[in-house]
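Note that the numbering runs from 1 along the sequence shown for the chain.
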Amino acid sequence: MDLTPVPNPSAPYWLSEPHKLASFCSSATVPEQVDIAIIGTGIAGVLTAYHILKSYNGEKSPSVMLLDARDACSGATGRNGGHIKTKLDSLKSWYEAHGPEAAAELVRWAEAQRHALQAIAEEENIDCEFQVRRSFDIFFDEAHAAELKAWLAARKEDGVSWLKDTQWVEGPHLDRITGTSVTISTSKGDVRAAKVVYAANGYVAGQLPQYRGIIVPIIGQNARIIPNEATRQRVPSVGTTYNFHYTGDWADYLNPRPDGAVIHGGGGRSFRKDGADRSGTWFNTVDDSALISDTVAKDFQTFDQEHFYGWQDSETRVGSTWTGVMGVTTDGLPHVGRVPGTDNQWILAGFNGGGMVLIPTMTQGIAKMVLDGSQLEDTSIPLLFKTTTARLSNVFPGVTGT
């Protein structure tokens, strides 16, 4: 496996306005010899060079070469979130894995990094937007939050000094303290919202991590099958929709169109080994940029020719074929209502391929909840659909945390 940098990386925000030294090359060829060569021009390589050169205080310094396969700082340093912060989860992990003394050392080390970068930025007068801010860990999973709250309280009772600046905050006015209106990033900028409804079905796990493994994205494949003009003129159009149940595992559907063509969807029998198949080509993926299988549309085409009256010699063709993302749940029911542990977020997602027969009046109930704070029980939405903490433990095997 080739682990060298690829030639055409994506463009991160931080590098959208390249520094004047981004592609700097001191010479057309490398010198035959240098005192020190540093491979990599991210924070590790650059600060190593900085401290090497700084330590000489005007004396003749060694020759130092910085090398990078691409532009300066084009790796992880130029692609991360620009965030210097240690999570409470990490503090707990350090404490439990290494003991209180080692954890204290790690905490001191982590804190020193922020101070060191701040000192360099100020000493060198670097225009880098370095800002010291208050920081929050926001927990959306109630059980996870309760575990960390209890651990923090116990350690403070033990007198762990390096937690003195850590505070647990909760309650009805939390949003005024943390500013927890939700910030939504879009291609045209960021927007903050006091209330948010997550209605992206198979994509919601990418927005709400607590639904990972609960609402799993899957890919389905459809095709438009078109009989020839002679058949459409000679044979009555297909007049009803269908579900074709091949076995207990496989079912396709068909939706006729006024022009005589049909939309055929499903195709599991063409690409799944059995009912337990969880291939990454279609399960737990949102990659709808490619077809699941080239055989799906051909199988639809053959099926229609063989089973519809007058289509045997219809010279059917595949007008188009495509894939799309759906959301499935282990219990076959959608998740609807207020996101557990939140006051200002709601969800309707996980329709298991049947959203069209679930959504229209559901949205009326969601609107009521959002507008006047009603509970799901105050609407006509079936209680079975309610998203709850208990249902958030109903995970697809092998998908947890992905």
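A donor-acceptor pair under 3.5 Å is absent between the side-chain atoms of Asp331 and the main chain of Asn394, judged by distance alone. Not a single donor-acceptor pair under 3.5 Å links the side chain of Ser61 to the backbone N or O of Leu53. Looking at Lys386, its side chain never comes within 3.5 Å of a backbone N or O of Gly337 through a donor-acceptor pair. Between the side chain of Arg338 and the backbone N or O of Asp343, at least one donor-acceptor pair lies under 3.5 Å. One N or O on the side chain of Asp287 and one on the backbone of Ser289 form a donor-acceptor pair closer than 3.5 Å. With hydrogens and angles disregarded, a donor-acceptor distance shorter than 3.5 Å links the side chain of Lys156 to the backbone of Thr166. For the pair Arg317 (side chain) and Pro227 (backbone), a donor-acceptor distance under 3.5 Å is absent. Distance alone, capped at 3.5 Å, places no donor-acceptor pair between the Thr302 side chain and the Asp299 backbone.
Taking the side chain as every heavy atom from C-beta outward, Thr321 and Val296 never approach each other to under 4.5 Å. Looking only at side-chain heavy atoms (C-beta outward), Gln207 and Val196 stay at 4.5 Å or farther from each other. The shortest side-chain heavy-atom distance between Ile215 and Val328 does not fall under the 4.5 Å cut-off. Side-chain contact between Glu170 and Lys149 is present, with heavy atoms from C-beta onward closer than 4.5 Å. No side-chain heavy atom of Ile218 sits under 4.5 Å from any side-chain heavy atom of Val325. Residues Arg257 and Val262 form no side-chain contact, since every pair of their non-hydrogen atoms from C-beta on lies 4.5 Å or further apart. Residues Ile120 and Glu123 fail the side-chain proximity criterion, which asks for heavy atoms closer than 4.5 Å. The closest side-chain heavy-atom distance from Leu91 to Trp162 is below 4.5 Å.
Between Phe244 and Phe303, the ring centre distance stays below 6.0 Å. Here Phe396 and Phe283 bring their ring centres to under 6.0 angstrom of each other. Aromatic rings of His335 and Phe385 (six-membered ring for Trp) have centroids beyond the 6.0 Å cut-off, not under it.
Looking at every heavy atom in both residues, Gly260 comes nearest to Trp311 through O-CZ2, 3.9 Å. Minimum interatomic distance between Leu384 and Arg391 (heavy atoms only, all atoms of both residues): O-NH1, 3.6 Å. Nearest heavy atoms, Ser293 versus Phe271: CB-CB, 4.2 Å. Pairing each heavy atom of Thr379 with each of Gly365, the nearest pair is CG2-O, 3.7 Å. What you find for Pro340 and Tyr211 is that their closest heavy atoms are CD-OH, 3.5 Å. Leu392 and Ile214 make their closest contact through O-CD1, 3.1 Å (heavy atoms, listed as atom of the first residue, atom of the second, distance).
Annotation: the span from Ile225 atom CD1 to Phe308 atom CZ amounts to 10.5 Å, rounded to 0.5 Å. Remark: Ile126 CD1 to Gln118 CD distance equals 12.5 Å, nearest 0.5 Å. Rounded to the nearest 0.5 Å, atoms OG1 (Thr342) and CD (Glu142) are 9.5 Å apart. The line from CG of Asp68 to OG of Ser23 is 11.5 Å long, rounded to the nearest 0.5 Å. How far CD1 of Ile219 is from OG1 of Thr281: 9.5 Å, rounded to the nearest 0.5 Å. Rounding to the nearest 0.5 Å gives a distance of 11.5 Å between CD of Glu229 and CZ of Arg234.
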Could you go through Phe351 and Asn201, starting from their C-alpha distance and side-chain angles, then the distance that decides it, and tell me whether this counts as side-chain contact (heavy atoms from CB on, under 4.5 Å)? CA-CA 7 Å; Phe351 299 113; Asn201 198 20; 3.5 Å; yes
When you look at Thr330 and Val395, which way does the side-chain contact (heavy atoms from CB on, under 4.5 Å) test go after all the steps? CA-CA 7 Å; Thr330 53; Val395 181; over 6 Å; no
Test side-chain contact (heavy atoms from CB on, under 4.5 Å) on Trp322 and Gln221; report intermediate values, then the result. CA-CA 6 Å; Trp322 64 93; Gln221 187 167 331; over 6 Å; no
Show the numbers, then the answer: is there a side-chain contact (heavy atoms from CB on, under 4.5 Å) between Leu254 and Ile263? CA-CA 6 Å; Leu254 183 145; Ile263 304 297; over 6 Å; no
Using the side-chain hydrogen bond (donor to acceptor under 3.5 Å, both in side chains) rule, take Asn255 and Thr241 through it: C-alpha gap first, then chi angles, then the decisive distance, then the call. CA-CA 5 Å; Asn255 183 24; Thr241 68; 5.8 Å; no
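With hydrogens and angles left out, the side-chain atoms of Asp71 and His19 include no donor and acceptor closer than 3.5 Å. Counted by atom type alone, His264 and Asn222 present zero donor-acceptor pairs between their side chains at under 3.5 Å. Side chains of Thr231 and Asn228: a donor on one and an acceptor on the other come within 3.5 Å. Remark: the Asp35 side chain and the Ser63 side chain contain an N/O donor-acceptor pair separated by less than 3.5 Å.
Within 6.0 Å of CG in Asp313 there are 12 or fewer heavy atoms belonging to other residues, nucleotides or ligands. Counting heavy atoms of neighbouring residues, nucleotides and ligands inside a 6.0 Å radius, atom CG of Asp127 does not exceed 12 of them. Sparse packing is recorded around CD1 of Ile39, with 12 or fewer heavy atoms of other residues, nucleotides or ligands lying under 6.0 Å away.
Under a 4.0 Å N-O distance rule, the pair Lys54/Glu124 qualifies as a salt bridge. A salt bridge links Asp259 with Arg224: the closest approach of a Lys/Arg side-chain nitrogen to an acidic carboxylate oxygen falls below 4.0 angstrom.
Between Leu376 and the options Ile366, Thr387, Thr388, Ile381, a side chain to side chain contact (heavy atoms under 4.5 Å, CB included) holds for only Ile381.
Among pairs with a residue in residues 348-365, those fulfilling side chain to side chain donor-acceptor pair (under 3.5 Å) read Thr329-Asn352, at least two apart in sequence or across chains.
Among residues two or more places apart in sequence or in another chain, the salt bridge (charged side-chain N to carboxylate O under 4.0 Å, His left out) test is passed with Asp252 by Arg269. In terms of the side chain to side chain donor-acceptor pair (under 3.5 Å) criterion, Glu157 has no residue partners (sequence neighbours excluded). Residues passing the side chain to side chain donor-acceptor pair (under 3.5 Å) test with Gln305, sequence neighbours excluded: Thr316. Taking the salt bridge (charged side-chain N to carboxylate O under 4.0 Å, His left out) definition, one finds that Asp372 meets it with Lys368, sequence neighbours left out.
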Show which side-chain atoms of residues 95-108 pair as donor or acceptor with protein atoms under 3.5 Å away, not counting sequence neighbours.
| unit_1 | atom_1 | unit_2 | atom_2 | d |
| --- | --- | --- | --- | --- |
| Tyr95 | OH | Arg155 | NE | 3.4 |
| Glu96 | OE1 | Lys92 | NZ | 3.3 |
| Glu96 | OE2 | Lys92 | NZ | 3.0 |

